[in-house]
Amino acid sequence: MPLIQAWSTLIAPTKANTMSLNGKLGIVFGVANKRSIAWAIAQAWHKAGARLAFTYQGERLKENVEELAGTFGSDTLILPCDVTRDDDIAAVFKAITEKFGKLHLMLHSVAFAPRDALEGQFVNTSREAFRIAHDVSAYSLVALARASAPLMTDGGSILAMSYYGAEKVVPHYNVMGVAKASLEASTRYLAYDLGPKKIRVNCISAGPVNTLAARGISGFGEMLKHYEEHTPLKRNVVPEELGATGVFLASDGAAAITGQVIYVDCGYQIMGM
Ligand code: 0WE
């Protein structure tokens, strides 16, 4: 048997399409409304063939998520989850165990810092704002990865959202930048721990997108304009492009990619000036 055939029959016997998510089961944390990055990635995962469950943060967002996720079928699992509560996380994964029995994909698209911490100077960040930002935005990935891993018995792909403020100073991003640095480092340590179980952990570092989380951030409009002028591609990223990268990272096409931060930012990150 020629060597190339030996590879296709022994290593990848039924791999029809490396970019497909057919038959994969996933859970999505972080849909708030139709503009959410989590929703863009969820739609792309769904179109690629995945079956998805969703969580929502607080009663205020329940209706939104039910309306969006409900379009994937009336039996779509939709559960409340405050990612800072261990009992919420336990209840979500108990329900996933009962309904799915296993899991292949997990999307973390959750971040929060108290508003005042994103306005003044970083040097004035309170102990409480620092704690909250890291608990919601970084520790939650560790907790959700730990809960996901036992269900990812065929291997899996864990994906988290980051931003350039993790590595360079973006004025006013402040404690969120420090929390995203923690998220990115956590991605690497999780990738090391979970690699032997064929569970991959990666981040997408997205350029600015007009979402609920971005709304009301003073100067956000100017930031979008700055990207249009300064990125190599001379435009901003669109949510569908985050979805497409999310599908790739979740798929078997990315089977050798773990612990990485992939920039989906129209090239902004390569620039020195
Ligand atoms: O990660 C983010 C924003 C996350 C975020 C947004 C808010 C607004 C409302 C976290 N916490 C809160 N807390 C609130 O009370 N981004 C990448 C978007 C973003 O936020 C910025 C940015 C960019 C870009 C804040 C300052 C400067 C740039």
Side-chain angles (χ1 to χ4, degrees), residues 28-41 56-58 60-61 64 81-84 107-141 144 159-187 202-231 233 235-239 241-243 245-246 261-269 271:
V28 173
F29 293 82
V31 176
N33 62 28
K34 67 177 188 330
R35 292 183 136 171
S36 297
I37 290 171
W39 180 237
I41 294 174
Y56 59 89
Q57 192 273 310
R60 174 177 65 85
L61 297 174
N64 284 359
C81 190
D82 174 340
V83 297
T84 67
L107 175 64
H108 177 285
S109 187
V110 178
F112 180 79
R115 157 135 263 137
D116 56 350
L118 300 177
E119 281 167 357
Q121 290 194 302
F122 174 70
V123 70
N124 291 324
T125 306
S126 69
R127 190 182 299 277
E128 185 65 356
F130 190 101
R131 186 194 65 73
I132 291 168
H134 284 74
D135 191 11
V136 176
S137 314
Y139 180 75
S140 59
L141 178 67
L144 296 178
L159 185 57
M161 299 306 304
S162 194
Y163 174 63
Y164 187 59
E167 65 177 86
K168 289 283 163 43
V169 172
V170 174
H172 308 300
Y173 199 59
N174 294 359
V175 73
M176 270 310 306
V178 181
K180 289 298 192 188
S182 169
L183 180 82
E184 291 184 3
S186 298
T187 294
N202 293 289
C203 285
I204 290 177
S205 184
V209 181
N210 203 356
T211 64
L212 185 62
R215 190 182 311 158
I217 287 159
S218 62
F220 195 77
E222 285 80 82
M223 178 172 273
L224 292 174
K225 198 164 141 250
H226 179 85
Y227 269 67
E228 275 182 27
E229 287 163 359
H230 293 95
T231 62
L233 295 177
R235 64 177 181 86
N236 280 287
V237 65
V238 294
E241 294 167 328
L242 302 174
T245 303
V261 178
I262 307 290
Y263 291 85
V264 184
D265 66 348
C266 298
Y268 191 82
Q269 189 266 349
M271 301 305 294

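Every number for a ligand or one of its atoms is a count from 1 in the order of the listing.
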Between Ala113 and ligand 1, is there a nitrogen or oxygen pair with a distance under 3.5 Å?
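Yes - when backbone and side-chain N and O of Ala113 are compared with those of ligand 1, one distance drops under 3.5 Å.
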
Mark yes or no for whether Asn64, through its side chain, and Ala32, through its backbone, hold a donor-acceptor pair below 3.5 Å.
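Yes, because the side chain of Asn64 sits within donor-acceptor range (under 3.5 Å) of the backbone of Ala32.
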
Tell me which one of Glu119, His172, Lys180 gets a heavy atom nearest to atom 26 (C) of ligand 1.
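The nearest heavy atom belongs to His172.
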
In terms of side-chain geometry, is the basic nitrogen of Glu229 or Arg235 positioned less than 4.0 Å from the acidic oxygen of its partner?
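Salt bridge between Glu229 and Arg235, a charged N being under 4.0 Å from a carboxylate O: no.
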
Is Arg131 salt-bridged to Glu128, cutoff N-O under 4.0 Å?
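A salt bridge is present here (some side-chain N lies under 4.0 Å from a carboxylate O).
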
Numbered atoms and elements of ligand 1 in range of Ala213, under 4.0 angstrom, heavy atoms:
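Listed by number with element, the hits are 6 (C), 7 (C), 8 (C).
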
Taking only heavy atoms of Leu118, which atoms of ligand 1 are found under 4.0 Å from at least one of them?
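Listed by number with element: 7 (C), 11 (N), 12 (C), 13 (N).
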
Identify, for [atom], the protein heavy atom at the shortest distance, and state residue, atom and that distance.
atom	result
atom 27 (C) of ligand 1	Pro171 O, 3.6 Å
atom 9 (C) of ligand 1	Arg115 NH1, 3.8 Å
atom 20 (O) of ligand 1	Ile217 CD1, 3.0 Å
atom 22 (C) of ligand 1	Tyr173 CD1, 3.6 Å
atom 28 (C) of ligand 1	Met223 CE, 3.6 Å

Check whether any side-chain heavy atom of Leu183 sits under 4.5 Å from a side-chain heavy atom of Met161, and report yes or no.
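They are not in side-chain contact.
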
Only pairs under 3.5 Å count here: list side-chain donor-acceptor contacts from residues 112-124, not counting sequence neighbours, and write none if there are none.
from: Arg115; atom 1: NE; to: Glu119; atom 2: OE2; distance (Å): 3.3
from: Arg115; atom 1: NH2; to: Gly216; atom 2: O; distance (Å): 3.2

Roughly how far apart are Ser36 OG and Leu212 CG, rounded to 0.5 Å?
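One gets 7.0 Å once the value is rounded to the nearest 0.5 Å.
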
Side chain, backbone, both or neither: which part of Tyr163 comes within less than 4.0 Å of ligand 1 when only heavy atoms are counted?
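Side chain only; the backbone of Tyr163 stays clear of ligand 1.
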
Parallel under 30°, tilted from 30 to 60°, perpendicular over 60°: which one fits the rings of Tyr173 and Tyr163?
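Perpendicular, since the angle between the ring planes exceeds 60°.
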
